[in-house]
Every structure is written in structure tokens, then in C-alpha cells.
K.L.:
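Here it is: the structure, laid out below.
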Amino acid sequence: MLHIIVCHRHCHKVDMSVKEDTLELLIQVVSGLSVSLPSLLLNASLSAPDRKEQLNAVKMSVFLLCKLTEILESDSYRQSIVTAPSKGSKKGKAAGEGLLQWDSERETVLQALTQLLQLDIRSLWSLSLVDEEFISCVTCCCYKLLENPTISHVKNKPTRDAIIHLLGVQVKKYNHLLGASVKVIQLLQHFEQLSSVCAQAVSVWSTEYGVKAIVGEVMREIGQKSSEELAREGSGVRAFSSFLSELGTLVPDTMIPNISVLLTHLEGESPSLRVAVCEVLGEVLVRVLSGDGLDESGRADRDRFMDTLQEHLHDTHSYVRARVLQVYTRIVNSKALPLNRYSDVMGLAVGRLMDKSINVVKSAIQLLAAFIAHNPYSCKLSSADLKKPLEKEMDKLRELRERLQENAPVAVIKASELWAAMEPELLLTVRAELEPTSEGEGEQQEREEDEAGEEDDRATAVQIAQFLRVNKYRNAVRLCVRAHSLFPESEMFSSLTTLTPETLLDTLALLFKGPDQDTSEIREDLPSTPQKEGAGDGGKEGVEESELKKQEMLLQYLRDTESFALQVESAIAVINNMLYWKTTSVVQEAVQFCVTVCEFSVANSLTGVRKMLPLVWSTDAAIKDAVVQAYRRLYLNPQGDNTRSKAQTLVDSLSELMVDASLGTIQCLEEIVQEFFGGGSSLQSTVVQVLWERFTGKRETSSLHRRAAVLLLGMAARAEREVVLSNLDTLCSVALGEKLTEDFLLARDSVITICNITDHVRQCKGAPFRLPQDNQLFTCLTQAIAEGVVMADLHWQSFMEQAVRLLYFLSESPDQLCSRLLQRCSRLLLDQIAEGGEMLANKDVSQLPGASQDPEEQGEQVPAVSCVSLAQLLSLCGCVAFWQVSHLERSVSSELRRRRGETEEREEKAKVPSRKAKQAANDSSVEEELGLMGASAEDTEAELIRKICETELLAEENLLCSFLPLLVRVCSSPGRYCHPQLTTAACLALSQYMMISPSVCEEHIRLLFTVLERSSLPVVRANAIIGLGDLTVRFPNILEPWTQNLYTRLSDENPAVRQTAVTVLTQLVLKDVLKVKGQVSEVAVLLIDPQTHIASLALNFFNELASKDNAIYNLLPDIISRLSDPERAMNEEDFHTIMKQLFSYITKERQTESLVEKLCQRFRTAKTERQWCDLAVSLSLLSMCERGLKRLQECWECYSDKLTETGVYQPLLSITAKLRRGAKPQLKVQVEEFEKRLTAVHTRGLENVESPEMEKTRPEGAGPSQNTTTHTPLPNKGRGGRPKRGQATPSVSSRHDDSFVTPKPTRKSSKKAVITFSSDEEEEEEDAVMTESETPKVTTPIARTSRRARLRH
């Protein structure tokens, strides 16, 4: 019956309850066998029939349980698929309950099988050889369970562990090692989700069950996979990669013996397998081959693996490069990287910062941050700070070496070593001397022996040794032979009784080396004696040598530290530029890196910290949060023992950031500090107290830190006004008191701080917060401004501007205060003139430096006024005029609206209920009436403000009117008023006066543009541009005809003027104040400006302009024509650089197609070969597509007659090369045909090449004599000598003063065929006219239609 239930082919039709009962029965049988078998197996007298009976019981029960398990697993999987869509139904719930029951029973089955197979049941089989079918039955069941898609889920961990342990028993006890390794490979090939499960299984089998060979088998199976097999598998490759990576984290030590079989995949095509192998190598390096206790073999393996990883930092696939960098990050974080490889890996990581892949760049930044955080050198990495210690230690090392050279002992050489060197030659001499000699040689020998004399044996021995020392071997041998006859009883010569070469050589050796060969030493510079040398000052020398080695190690450490710091600094320069990338993740990594380098005090680290500060305004919430968190970590979470020390640390760090910070940096920092003070931090009150102590001088500090303290107080006041308002008297007494004139910078920063308590930095619905006129603050400010007018202080100007701003923000009647202030300052200057009149009584005014002079009083004695004082007074007048207009249009206007709103609200409340009912009946009409009334009231208020500006501000009774003629006179007479400060102040003040009303602007606009064109002072021209930019925003219709003159300043010779011009024009264009026209080509020229910051501003301009729909697309044809104008004579390389940048913004296929047609049409109007070449290069820079090629072929007649020029032919030929890459066969044919046409025309000329289109369109009967060549038509001549389109007009500043007149625009000829573009449809721009009769009087509004549109209407 059980066999029918389990093995019948219709078993799936059996009721589930029957299967469950059967499963419970089989589990009980297997469990019973697990209990009964141990005693039977230990019984040695068990008969063969009984053994066979038990074996059959085991086989049948295990077989049936495994088969039933597979059936239930299949049913469970089938139910999970069927019931998944019908979640919530009763059937689904019932099926879910059955499924849940099987999940709980599955683990019980596995445990029962494990208990049975753990017994030594092999004895039941003959010869203890277990049947393969029995093992296969159990293992197949296990692998079937592993194929469940949910087996890797956390909830199935007990089942997963039970399967792994059951298979582990099979591997260890039942010889399933090879089968398991093959099955693991198969599972990985077909089930990618099992990679982590298989890795865990192999790890358990190798560690808990001791079968380490399984790791090698699996690795060999994967290593033997060829590239062709891996290419066919797809998901199997990913599974192999995940398996190897997971296995490397579990058993890295076991993988080392067989890791060589995996290294072949590093040369394969699969990037995922290369990554897996590199990760395995990383785990081995971190957990096995690390530390100082490695043997020679371990160090060799470590170096080999390190070299392999370094090679793959240059892998062809970006995924591999990124993961290898991450592997190195783990190695560095684990401190497993050898010190001698720090420099190499660091250099490679810095190089990867230039990678094209974003993921690689992010990983490189993370690796560099890990290098800094875990560097073995120093907690502070500043190359500048390391220079002095390095030089000091180098000097110390030099002194040690010199001292050792002075005290160095003479080199000592052992006598035995010398004897060994001379013995061969000495043996030859001995043999030669013992041979029979002639009579002449015998007489000479006797004379030498007589000269030797007769001394004692010791003296003779010393002399023999000396002969040997100086290489006089013959004399030594002869003396030794004679010594035996002279001293026969001497022990030193007793061996010469028998005179042979051997005995003579032994005697000489004894005399030279002495009796003890090992310890005898001979000093080279002493007489050669056989006596032993005593020990020298070895102890002292050893100490000095030890110190020398320590010093060399210290010096090498400092050099490595400096090299590491320099590499970090080079990385900082690159990563700081990534703070403004468009990729959010890269910006976040760059921010974290800046924080890390700042914490380690790396040189220039504050540069990045300050540079990322403007990102607090980022629209990306992730970037903004990263910056805020970075500053909170660096500055707002100080370390300290108590609250006071934490507050002081916080103030110190913020003050260092504030010192020498730009205005933009301070404004960005306000957001972060304001958030800190508004967040209710426990340090808030203590920080404020410390700041006040620094500002008031209770704690001794520098002036820079005092200014930083008062600015930080102002930032706190933005969040809580009472921080400053409650201590306003302290601010006035300390910074604005009697000593104000000694430090205008502190006074200026104090005024900025006070401005933060006004309503202009916060939204207030009630009455405006203002102080009475007699407040001590205003008294101090007006007195300081007046006293500073007659002083020559460089910082008075900035203080005055902020002070006047504060007067209009905080005073109840700022116009009255400023009127009295101007009177007081004027009176001071008059007093100065009166005092100077006595000094000039006998002097000519023209001889006095720095004195202004009336041109109509030449030769007369007149009192003089200081040009600096007059310039400061004019600056004050201009500032008052500017803020007076701002006060009227902002404060007064908003107050009128507020009061009108309160009045309407009171009237609304006072209405009778009956009137409300009547109003409800006519609701719609009343709403319209109220709307009109509200609009009318606003118009009335605006008209009132405009009328005040037009008639009252410059009325005769107003003091501001008195200074306008003086401003005009100074600006119009630069030769007479040539003082730079005076001219600068007058120009800026005049532009501020012109902000008052349109009439004043129209009256003096010509003068201001004349100053802009003709002034020789760059600062005057820059200020004029800024003033004209403000006027363009305020009176756009008045300034519109003069736009060309603003663009002219983009080519100014001074970099500061060019920078100001491009900054102002960028704001005007991007805010749609100026209409974008062809003059933008002047901005394009700045892309190649030699000043990098100007080029970056121009690049930013086009980046922002590209975000506007079709803006650059519409301008490109005109820009190309203007830049390729022969009169401009632009370098070809510069033209290509500009065009390459501009064409990078053309990404749409339709734009490309249209531009192809427009540029081809321009060939007809181009007159020079250079223009043809520029147009061809521009076409080659487009991202050409199939539609673009079609359009290029359609416009063949426009450029075909120019193809004989190489400069036209080569760029067009490059288009075909680009199109051929990856093109479809049909497109490739078209490209090849077009290329053949280009080449044919280029080599033979257009006249000799027949066009296919012309062949088709030629009328029947037409002979070949008909002209098929299209020549570029000659340009039509226009009236009035008007320059042709694309020609640049000469700069006004380059003309003579008398010719500073722009020709009047003439009408366009109706007969002239002109190719029009979007930027051409506007009216011709008019240059500034410097004569009164030709000044533009009639202006056109900004939002105007084109001339053609007006003519049509």
C-alpha cells in the first residue's frame, strides 16, 4: 500500500490527508530504526539473515520516505504557484495552511534521516560497501529540496541547515565527495539564487566535517570551465562568481592550495568571474596572509596576490576596476596592506580619480579616505609641517655619519685570509728557490744574506713576516732557509731539518699567522708582526652604529610620511572639483572625503570644506543633507570634558573657518549656524556667552577672531533676535563707540550683525520693527560716517555702505537722518577747504598733488579739497540715493500694502449683517469689483512711489540734487579729475543716481557708456559694467539699444573687466532681462580665455543656457559665422575648441538634422576658404545620425564645389568614419556611396564627376555639355556700406575719440535672399552713439515682435 501511495504515477491524486498519515508513519519507522539499530550493529553474533532483514528495512523505509518527501515538495511548490494570485480567498488560505504544515514537517524528515545515517550502518552491507543507489536516493531528495526558490530565505534557515548537515554526513561517511562537487556545479548552473547556499554548504563540509578536499574539487571544476562554456551559460557565470566570493569570506585558508586554478579566469572575458577571483584574493590577504609572522612562502604568495590586484586596477571593464578598488579598501581598513606598497597603491588610486566610470571614481574616493583614516604615519598629514622636522633629522643624520667616519676603526683583516690570498704565489717562489741556482745567482744570494746580518730568531721571524706583508716573497724564503742554519735550536725553524717545499711553506705560515689562526688579526697600517691584536673600542662603536640605524629609519619614516601627504594633497585638488558634479553619489563621497582630510589636518583641507559650503543651497536634498551633516560633524559636535570646553572648541573651529572667508562663504555658513542655534542645542547659551566674551575683549584674542565672533552672533540673531537685541548697547559701546575710527572692519561686521535683527531677514506680518531716530545706535553711526569722510581709511567705504543700509533698515525716518548726515559731511569738507585755503595762498593749485581744480579758474589761487575726501563724499551720496530708492520701493510700498490690508479688514468687520446677505446674492460681481479695486489700489501705490522718485528725490530742495552736477562734471572730465579713487566713486555714484528715475537714466546714459568705453582705469570700467547691469534690470527698455556696448567689454584687455562683464551678462541673460542674440559669440570666445576662472565662468554660462529650450541651438549658426569672420582672424585650434564645447549641447536628433541644413546653406554665403573649413569642421562635430546624413546628401549642391579644399574634404570624410561604426548594413551602404562621391570630387573636381541626382533629373535629350556644377553665388551689395553678416564691427574703444559714432542701421534690401535664423529675426543691434544728436531716443520694449512680424501687421 505504501509503495502504491509513493511510487504510483497517479500519486498526486491521492488525498493530502493520506499522504500526511503516510509521512508520519514513515518518520516513525525511520526514527524507530535509529533507536533499534545501534544495539544490533554492536552485536557481533548477528546472523546473515537478520542482517539482511535489517538492511532491507533500512532501504525500504529510507526509499519510501525520500520519495514521499520529493512528492510533497513538488505538491507544495505547485500549490504555491497556483494559489499566489488568489491571495485572500478561502481556497488560498486552505492551501496556505497545508503549505505551512509541510514546511514544519520538512525539517522533521531531514532530522530523522540524519539520525539514521549518522549510525555506522555500513556494516549491514557486505564488505561494508554501501549501495550507490541507496546514497543516490537520499542525496537526490536533498538536492530536490534545495531547488526550492525560497530555500535561501531567512525563514527557511533551519531546513537549509538540516539539508547541509545531511549531505555532510553523506560526503564524510558514504563517499559522496565527487558526487557532491559535481552536483554543486550543476545547481549553480541552473539556480543562480543558490550561490550563497552552496557556499555555506561547502564551508560546513570542509570545517565541521573535515572534508577540505571538497573545496579543491569545486574550485577545480570551476577553474576548468573554458571561456566558450562560460559564454554559453549566462546566469551560471554570475552564480559561480557569487559562490566564489561567498566561499572566500567563509574559508579563505582552505582555498589557498587550489587558488592557482582560478587565476586562469583573470585572463578570461567574464568580468564577474574576474571580480570574484580578485575578491577571493582580497579575503586571503586580509584573513590569512597578513601580519608580520609570515614565512618566506607566505610573503611570496602575498606579494604575488598584491601584484595581481594592482594589475586589475587597470582592467578593461569598469566594474572590475571598481570592485578591485573596494577590495583594496577592505585591505586598508583591515590594516593588511604592507607598508612598502602604500605609495604604489595610493598613486594608482589617485589615477583612478580620472576614470570615466562614476562607480570607479566613487570607489577610488572611498579608498583614499580609507588610506587617510588608517594611515600608519601620523594623525596630522601636512607636508608643510613635515619639512622642518625632515630637514632637522637629515642634519642630525649627516652629523652622525661624519662622527662615525672620524672615529671609524681601521679595517682589520685576519692573517689567515691574507695567507690564503698569497699562498699560491708563495708556493711558486718556494719551489723556484729550492731549485739548483747558477754561480751568479749564488753570489748575489750570499751578498743578500750577509746584508741581513745575524740577529736573534725572533727578530728574524719578524723580518720574514714583514717581507711577506710587502710581497717580497723571495727575500722571505731565502731568509727563512738561512735562519735554520743560523738558529738550529730555535723552535720556529726546527721543522726545516728536512728542507722541502712543504716544510718551508708550513714554517712561513707559522711565522706569518701565528699559532692561533682563528683569533690572530693583523692591522693594515702597523708593522707586520705575528702577535695578536687586542680588542678595540667595540662597545662605543656599536652604540653609535645603532644610533645611526635608528636615525636612518626615522628619516625614512619622515620621507614616507611626506610622500604620503603629498599624494593626499594631490588627490584633494582633484576631489574638490568633484563637489559640483551632477552625480549625487559622487558629490556625497567627495563631501565625506573632505571631512576625513580635514579631521587629519591635511594641507589645503579647508579649501574643500569651504568649497562645499555653497551646496547647502542645493536643490538635491541628499547633497544638502550631506553638507549639513559634514559641518555638524566637523564644527557643531565638539569634544570636551564639560560644556564650557565644548563651547570654546566650537567657537574656535567656527572662527578659523570665518577668518579670511569670502562673503559668499559667510552667507552659506549662516544657514548652518542658524540651524544650530534654532535647533535648541544644549550648548547654545554657552556658545553665545563665549562669543560675547571674545567680542568684548574679556578673553584676549586677535582682531580677526573678534570680527568672527561678532559675525557669528549675527548668524545666531537670525534664529533668535534677542541674542543681539538685548545686548545692542554693548555692541554700540564696544564697536561703534569712541574707538570706532581705529577699526572700521570691526565696526562694519558689527553693523552687519545688527542688520540681522531687522525685518528684512525674516517674514513679519505685523508692524515693522524700527528704532526711533534718537537711538544711540544711529548717533554713533552718523558720527562715525561723518568723521570718516575726511579720513583716508581704506575700510571706511565698506563700513559706510553697511551703515547706510542699516539706517534705512532700522530707522523710523532714514531720509531725515541721511539728509542731516550729508549736510554734516559737506560742512566738514567745506571746513577742510577753508583750512587748505591759507596753505595755498602763495601756491599754484595745479602744482599740488591730489587736489581738484576748477578748469575755468586757471591761474587763480583757489582753496583745494582732498580728492580722497571728495571721493568718499560722492560715494556716500550715491549710496544714500540707492538705498532711498530701495526704501521707497520695498519698505514704504510694503507698509502701504499692510496698512491698506488692515483698513480693508476693519471695514469688512464693520459691515452690517444685512449687507452681508445682500453681498452673498451678488457674490460673483462683488468679487470682480473687489479684484479691480485691489488692483487699482496697488497701481495707485506704485504710481505714487514712481512719482516720488521722479519729482521729489532730485528736487531743488532735496540735498541729493546738489551733488548730481558735481558727479556729471567729474565723470565727463577724466583728464581734469584724474584721481583714480575720485573717478571710481563718481562713476559708481552716477550709476546709483540713475536708478532713481527713467528721466535721469536717459539724460546720463550716454555719459556712462562713454566712461565705460574710454576710461583708462580697469576698476572704473568694471564698476560701470556693474552699474549698467543694475540699470538694465530697472530700466530694460532704456538700456536695450546699448546692449552691444556691454558685450564689447567681454574682449577688454583687462582680466578683471572681462570677469565682471561675463558675470553681469550671465545674470542678465539667464534671468531673461537681456534677449539672447548673436553677440553671445563674445562669451564663447572666453571659453579659451587664458585666465582659467574666466573660462570657467563662460563654461558655466553655456551650461546654464543649455537648460533653456533650444537656446544654444538657435544661436549656433550666428556664433559660427561671427567667429569664422576673417576680420576676427581666430586661430583654427581655438575655433575647434570652442565649437567642440558648444556642439556638445546638441543632443536631439531633430536639432542635429536642422543644423546640418543650416550650416550647409551657410556655404553659399561664405566667401573665404577659412570660412568653408570652419563650417565643415562644425558639421563634423555634430553627433550625426541617419537623418542627418540624408540631409547632408540633400544639401550636396551647397558644398560640393568646395570639396577640392582639403580643409573641407577631411572633416566631411570623418563624418562617414563615425557613421560607419556600428551602422546597420543598409546605412553602411549609403555611407560608403557618400564617401565615394566625396573622394571623387576631391580628387578629380566637381566638373569631372557626374552626380547621380543630376543624372536622374536631367531632361531627356540634354547633352553632357550642360553645366551641372553649382557655384557659390557672389554676395549682393547692400546699401550704405553696411558690413556683411558674420563680419565683426571694430571695437569702439579702438577708434579715435572723434569717430566714436556707430553708423545708423539701414533697411534690409527686399530683393536680397537671406537665409534667416531664429537669432537673425531680431532687429539689428545699435551701438552706443556718443553725440547728442544720434543718441537713441525711441526705445522698443523687451518683449517685442520681429520687424517682419510688425510689417505683416
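Since the structure is predicted, the reported quantities are computational estimates derived from the model, not experimental observations. Sequence positions, counted from 1, serve as the residue numbers for this chain.
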K.L.:
Cut-off 3.5 Å, side chains only: do Tyr1145 and Asn1103 have a donor facing an acceptor?
P.N.:
yes
K.L.:
Measuring only between side-chain heavy atoms, which start at C-beta, is His1004 closer than 4.5 Å to Tyr993?
P.N.:
no
K.L.:
I need the minimum non-hydrogen distance between Leu822 and Cys877, along with the two atoms involved.
P.N.:
CD2-SG, 3.8 Å
K.L.:
Could you check whether atom CZ of Arg899 has more than 12 heavy atoms from other residues, nucleotides or ligands sitting under 6.0 Å from it?
P.N.:
no
K.L.:
Under 30°, 30 to 60°, or over 60°: which ring-plane class applies to Trp883 and Phe809, parallel, tilted or perpendicular?
P.N.:
perpendicular
K.L.:
Considering all heavy atoms of both residues, which atom of Ala786 and which atom of Leu828 are nearest to each other, and what is their separation?
P.N.:
O-CD1, 3.2 Å
K.L.:
Within this structure, what is the CG-CZ distance for the pair Leu1115 and Arg1122, rounded to the nearest 0.5 Å?
P.N.:
9.5 Å
K.L.:
Using a 4.5 Å cut-off on heavy atoms from C-beta on, say whether the side chain of Glu1082 contacts that of Thr1048.
P.N.:
no
K.L.:
Tell me, do Ser1051 and Val1085 make a side-chain contact under 4.5 Å, heavy atoms counted?
P.N.:
no
K.L.:
Let me see the working for Ser893 and Arg897 under side chain to side chain donor-acceptor pair (under 3.5 Å), right down to the final yes or no.
P.N.:
CA-CA 6 Å; Ser893 180; Arg897 287 196 300 269; 2.9 Å; yes
K.L.:
Start with the C-alpha gap between Asp1118 and Ser1081, add the side-chain angles, then the distance that decides, and say whether side-chain contact (heavy atoms from CB on, under 4.5 Å) holds.
P.N.:
CA-CA 8 Å; Asp1118 275 357; Ser1081 60; over 6 Å; no
K.L.:
Check whether any side-chain N or O of Ser886 sits under 3.5 Å from a backbone N or O of Phe882 as a donor-acceptor pair, and report yes or no.
P.N.:
no
K.L.:
I'd like to know if the side chain of Glu889 reaches the main chain of Ile945, judged simply by a donor and an acceptor atom lying under 3.5 Å from each other, with no hydrogens or angles considered.
P.N.:
no
K.L.:
For Met791 and Val868, work out which heavy atoms get closest and say how close.
P.N.:
O-CG1, 4.3 Å
K.L.:
Might you work through the side-chain contact (heavy atoms from CB on, under 4.5 Å) test for Leu781 and Phe799, ending with a clear yes or no?
P.N.:
CA-CA 10 Å; Leu781 289 178; Phe799 162 73; 4.2 Å; yes
K.L.:
Looking at Ser811 and Arg770, what are the two nearest heavy atoms and their distance?
P.N.:
O-NH1, 2.6 Å
K.L.:
Is there a side-chain contact between Gln872 and Trp796, using heavy atoms and a 4.5 Å cut-off?
P.N.:
yes
K.L.:
I'd like to check Leu990 versus Val970 (side-chain heavy atoms, cut-off strictly below 4.5 Å). Are they in contact?
P.N.:
no
K.L.:
Donor-acceptor check, side chain of Asn1100 to backbone of Ser1096, threshold 3.5 angstrom: yes or no?
P.N.:
no
K.L.:
With side-chain contact (heavy atoms from CB on, under 4.5 Å) as the criterion, how do Met800 and Cys879 come out once you've worked through the C-alpha distance, each side chain's angles and the decisive distance to 0.1 Å?
P.N.:
CA-CA 9 Å; Met800 179 272 296; Cys879 193; 3.9 Å; yes
K.L.:
Tell me whether the count of non-hydrogen atoms from other residues, nucleotides or ligands lying under 6.0 Å of NZ in Lys947 goes above 12.
P.N.:
no
K.L.:
Please examine the side chains of Leu736 and Leu777, heavy atoms only from C-beta on, and report whether any two atoms are closer than 4.5 Å.
P.N.:
yes
K.L.:
Could you tell me whether the side chain of Glu812 and the main chain of Gln773 form a donor-acceptor pair under 3.5 Å?
P.N.:
no
K.L.:
Look only at the side chain of Ser894 and the backbone of Ser891, and say whether a donor-acceptor pair between them is shorter than 3.5 Å.
P.N.:
yes
K.L.:
Counting distance only, does the side-chain N/O of Thr983 pair as donor-acceptor with the main-chain N or O of Tyr977 below 3.5 Å?
P.N.:
yes
K.L.:
Here's a test for you: under side-chain contact (heavy atoms from CB on, under 4.5 Å), which of Thr753, Asn756, Val724 qualifies with Arg718?
P.N.:
Asn756
K.L.:
Could you walk me through whether Ser826 and Leu873 pass side-chain contact (heavy atoms from CB on, under 4.5 Å), step by step?
P.N.:
CA-CA 8 Å; Ser826 302; Leu873 177 61; 4.3 Å; yes
K.L.:
Got Ser819 and Gln823 here, is their nearest side-chain heavy-atom distance under 4.5 Å?
P.N.:
yes
K.L.:
Just so I know, are the side chains of Leu1046 and Leu1039 near enough to count as touching, which here means a heavy-atom distance under 4.5 Å?
P.N.:
no
